[in-house]
Amino acid sequence: MDIKIGDKALETKIFDENTVRLFAELTGDTNPIHFDKEYAALTVFKKPIVHGPLVLTLVTTLFARELPGPGSVYLSHEMKFTKPVFYNDEITAILEVTDITPKGHIFINTICINQDKEVVFEGIARLKKM
């Protein structure tokens with residue numbers, strides 16, 4: 001598939017407590033902000049939040065499957081998490097190609113929104129299709 005500026009891809013996922021626990025088992029990140037309701041109640045979030053890197057996997061999965069797709073290499077990503085993601089939030093990742101350099105570097109705008117259409121993550125990624 002030829003990739004061009006303006007190409008888009010999107011994917012939606014619900015991040016439930018079980019998914020968060022599996023991610024913590026895999027990574028070793030057992031920060032109480034993700035699991036302990038009493039601890040989380042004392043924070044600005046007031047309840048447990050989903051790991052930011054877990055939310056990022058929604059974006060990276062799209063890189064691998066659709067845009068740029070199989071054989072692509074993830075080179076860099078300037079990003080920020082703008083709002084917390086809570087258990088059972090429905091998150092939609094929206095990707096759009098914004099530039100393709102002569103060397104074949106593909107720049108993709110990455111945004112994740114929750115079920116209330118609030119941006120929870122945004123950034124610009126650089127990839128290359130092999």
Side-chain angles (χ1 to χ4, degrees):
M1 170 179 129
D2 285 330
I3 297 166
K4 59 191 177 311
I5 293 172
D7 282 353
K8 292 182 179 184
L10 64 95
E11 176 93 11
T12 299
K13 180 174 180 65
I14 294 174
F15 291 95
D16 62 18
E17 185 175 358
N18 187 55
T19 302
V20 173
R21 289 198 180 283
L22 289 171
F23 185 80
E25 285 179 31
L26 181 66
T27 64
D29 181 348
T30 57
N31 184 334
I33 192 67
H34 303 299
F35 307 104
D36 185 329
K37 290 176 184 169
E38 285 109 26
Y39 177 87
L42 301 174
T43 72
V44 298
F45 305 118
K46 303 299 179 204
K47 57 186 177 179
I49 59 172
V50 175
H51 300 77
L54 177 55
V55 176
L56 178 62
T57 65
L58 187 55
V59 171
T60 60
T61 297
L62 275 173
F63 291 159
R65 282 197 326 224
E66 294 186 41
L67 194 64
S72 60
V73 177
Y74 189 22
L75 300 173
S76 65
H77 203 158
E78 183 177 318
M79 62 185 140
K80 64 182 174 178
F81 298 96
T82 56
K83 285 197 176 282
V85 173
F86 300 106
Y87 292 173
N88 301 313
D89 277 357
E90 182 179 83
I91 305 300
T92 300
I94 305 163
L95 279 53
E96 182 176 1
V97 176
T98 59
D99 193 22
I100 302 170
T101 69
K103 291 186 175 185
H105 290 192
I106 303 161
F107 287 83
I108 299 177
N109 189 48
T110 57
I111 296 174
C112 290
I113 60 172
N114 64 19
Q115 63 279 354
D116 298 321
K117 308 295 184 222
E118 299 170 316
V119 175
V120 298
F121 169 93
E122 60 188 356
I124 297 285
R126 182 172 59 100
L127 294 97
K128 186 167 177 98
K129 182 96 173 181
M130 296 295 161

Let me confirm one number: the [atom1]-[atom2] distance from [X] to [Y], rounded to the nearest 0.5 Å.
X      : Y      : atom1 : atom2 : answer
Thr30  : Asp36  : OG1   : CG    : 11.0 Å
Arg126 : Ile106 : CZ    : CD1   : 11.5 Å
Asp89  : Ile49  : CG    : CD1   : 11.0 Å
Lys37  : Tyr87  : NZ    : OH    : 7.5 Å
Leu58  : Leu62  : CG    : CG    : 6.0 Å
Cys112 : Glu11  : SG    : CD    : 10.5 Å

Salt bridge present between Arg21 and Glu17 (N-O < 4.0 angstrom): yes
Leu95 side chain near Val59 side chain, heavy-atom distance below 4.5 Å: yes
More than 12 heavy atoms of other groups within 6.0 Å of Lys47 NZ: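 No, not enclosed.
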Heavy atoms from other residues, nucleotides or ligands near NZ of Lys83 exceed 12 (cutoff 6.0 Å):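 Count not over threshold, so no.
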Return the minimal non-hydrogen interatomic distance between [X] and [Y], and the atom names on each side.
X      : Y      : result
Asp7   : Asp2   : OD2-O, 3.9 Å
Ile124 : Asn109 : CD1-OD1, 3.4 Å
Pro53  : Phe81  : N-CZ, 4.3 Å
Ile3   : Ile100 : O-CD1, 3.3 Å
Phe63  : Ser72  : O-OG, 3.4 Å

Side-chain heavy atoms nearer than 4.5 Å, only ILVMFWY residues, links allowed to pass through others: does that put [X] and [Y] together?
X      : Y     : result
Met79  : Phe23 : yes
Ile94  : Val85 : no
Phe35  : Leu54 : yes
Leu127 : Leu56 : yes
Val20  : Leu26 : no

Return yes if some donor-acceptor pair links the side-chain N/O of [X] with the main-chain N/O of [Y] below 3.5 Å, else return no.
X      : Y      : value
Glu90  : Gln115 : no
His51  : Asp29  : yes
Thr110 : Gly123 : yes
Thr19  : Phe15  : no
Asp116 : Glu118 : no
Lys128 : Lys103 : yes

Stepwise side-chain contact (heavy atoms from CB on, under 4.5 Å) check, Ile108 with Val97: CA-CA 4 Å; Ile108 299 177; Val97 176; 4.2 Å; yes
His77 and Phe121 aromatic ring geometry - parallel, tilted or perpendicular at 30°/60° bounds: perpendicular
Result of checking Val55, Ile91, Val120 against Val50 for side chain to side chain contact (heavy atoms under 4.5 Å, CB included): Val55
